[in-house]
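First comes the structure, then the notes that go with it.
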Amino acid sequence: MQYWLFKCEPSVYSIDDLARDKKTSWEGVRNYQARNFLRDQVKKGDLVFFYHSNAEPPGIFGIAEVVREAYADHFALDPKHKYYDPKSSKDEPIWYMVDVGFVRKFEHPVTLAMLKDAPELDDMMVTKRGTRLSIQPVKKSEWETVLKLAGEKLRV
DNA sequence: GCCAACGTTGGC
DNA sequence: GCCAACGTTGGC
């Protein structure tokens with residue numbers, strides 16, 4: 001059982017959209033390092049911080065749960081889609097996606113500024129400038145620290 | 001909207 | 001394989 005942080009621009013898809021839909025596919029990851037995490041390490045039952053990027057304010061807005069492990073990202077095969085990648089094919093998909101379900105929206109989101117202020121989170125990728133990975137592993141201690149900052153119970 | 005920090009592409 | 005040009009991310 002592992003913890004993750006998934007980034008998304010709320011103008012594209014937000015925690016509120018997930019709360020409404022209950023479940024969504026997490027497609028469009030087009031970075032190899034993030035792809036490797038998604039394909040090889042993200043497992044069913046893992047818990048995910050839902051991070052709003054390019055937002056005001058940026059930060060962690062809630063929790064999702066992985067409900068389906070990696071499968072081929074078929075949006076890469078559609079020439080009309082913005083996630084199209086001509087190098088990908090049905091037989092040899094390059095890109096993968098997972099499905100996540102809604103768990104909880106934080107009553108008090110943990111903003112990026114709060115994450116940066118917490119010394120326990122100095123090693124967290126999202127707090128380091130220049131880290132643009134959209135799928136990031138989160139340590140158990142970091143997970144618990146963020147929940148405390150959010151004023152949330154540790155048990156999900 | 002700006003721009004720094006990356007990742008990717010492609011000529012050589 | 002190098003590296004300049006270009007595209008993207010994402011905070012501010």
Side-chain angles (χ1 to χ4, degrees), chain A residues 2-21 24-42 46-66 70-100 102-139 141-143 145-152:
Chain A
Q2 289 197 71
Y3 300 102
W4 302 96
L5 180 147
F6 286 11
K7 287 186 198 170
C8 192
E9 298 190 21
S11 61
V12 177
Y13 198 84
S14 74
I15 187 77
D16 292 315
D17 294 324
L18 183 58
R20 180 197 62 215
D21 298 342
T24 190
S25 56
W26 203 273
E27 70 272 11
V29 172
R30 295 291 179 269
N31 167 284
Y32 284 102
Q33 200 182 348
R35 188 279 312 265
N36 291 346
F37 280 132
L38 207 57
R39 186 189 57 188
D40 305 332
Q41 294 191 45
V42 175
D46 285 359
L47 293 172
V48 175
F49 281 141
F50 197 121
Y51 182 89
H52 284 182
S53 61
N54 246 322
E56 187 48 51
I60 296 169
F61 279 71
I63 297 172
E65 177 182 5
V66 177
Y71 57 107
D73 185 338
H74 56 261
F75 294 96
L77 304 177
D78 178 358
K80 290 185 294 296
H81 202 276
K82 66 180 272 209
Y83 292 136
Y84 177 60
D85 182 351
K87 293 193 295 304
S88 195
S89 69
K90 201 162 194 289
D91 290 337
E92 290 184 64
I94 297 175
W95 306 113
Y96 289 81
M97 57 206 237
V98 299
D99 290 352
V100 300
F102 178 73
V103 174
R104 187 194 296 169
K105 179 185 176 182
F106 288 162
E107 194 171 338
H108 305 288
V110 182
T111 64
L112 179 60
M114 292 166 68
L115 295 172
K116 284 181 169 171
D117 276 347
E120 308 94 302
L121 302 179
D122 281 351
D123 287 341
M124 235 179 141
M125 295 177 94
V126 74
T127 64
K128 298 189 194 296
R129 75 188 301 242
T131 304
R132 303 181 312 185
L133 257 193
S134 62
I135 306 283
Q136 304 180 359
V138 172
K139 296 194 194 83
S141 61
E142 294 165 345
W143 179 271
T145 299
V146 171
L147 288 185
K148 275 184 203 148
L149 289 174
E152 296 276 337

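In what follows, chains carry the letters A, B, and so on, assigned in the order in which the sequence lines appear, proteins first and then strands, with residues in each chain numbered from 1. Values below: all heavy atoms of this structure, side chains included; hydrogens, waters and symmetry mates excluded. All of these numbers come straight from a predicted model, not from anything done at the bench.
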**Prompt:** What stems, by residue range, does DNA chain C take part in, given at least 3 consecutive Watson-Crick or G-U pairs under 3.5 Å?
**Reply:** B:1-12 with C:1-12
**Request:** Using a 4.0 Å heavy-atom cut-off across all strands, classify A:Arg30 as base, sugar-phosphate, or nothing.
**Result:** nothing
**Criterion side-chain contact (heavy atoms from CB on, under 4.5 Å) against A:Phe49, the qualifying member of A:Tyr3, A:Trp143, A:Phe6** = A:Trp143
**Message:** Has A:Gln136 got a side-chain atom pairing as donor or acceptor with A:Val126's backbone, closer than 3.5 angstrom?
**Reply:** yes
**Prompt:** Is a donor on one side and an acceptor on the other found under 3.5 Å between the side chain of A:Asp46 and the backbone of A:Gln2?
**Reply:** yes
**Request:** Hey, could you give me the NZ/OG distance between A:Lys90 and A:Ser88, rounded to the nearest 0.5 Å?
**Result:** 11.5 Å
**Message:** Could you go through A:Arg20 and A:Asp17, starting from their C-alpha distance and side-chain angles, then the distance that decides it, and tell me whether this counts as side-chain contact (heavy atoms from CB on, under 4.5 Å)?
**Reply:** CA-CA 5 Å; A:Arg20 180 197 62 215; A:Asp17 294 324; 3.2 Å; yes
**Prompt:** What is the nucleic acid contact for A:Lys128, judged by heavy atoms within less than 4.0 Å: base, sugar-phosphate only, or nothing?
**Reply:** nothing
**Asked** Can you give one letter per nucleotide of nucleotides 2-12 of chain C, 5' to 3': B if a protein heavy atom sits under 4.0 Å from the base, S if only from the sugar-phosphate, - if neither?
**Response** ------BBBBS
**Item:** A:His52 side chain vs A:Ile15 backbone, donor-acceptor pair below 3.5 Å
**Value:** yes
**Message:** Between A:Asn36 (side chain only) and A:Gln33 (backbone N and O only), is there a donor and an acceptor less than 3.5 Å apart?
**Reply:** no
**Item:** Partners meeting salt bridge (charged side-chain N to carboxylate O under 4.0 Å, His left out) with A:Glu152 (sequence neighbours left out)
**Value:** A:Arg104
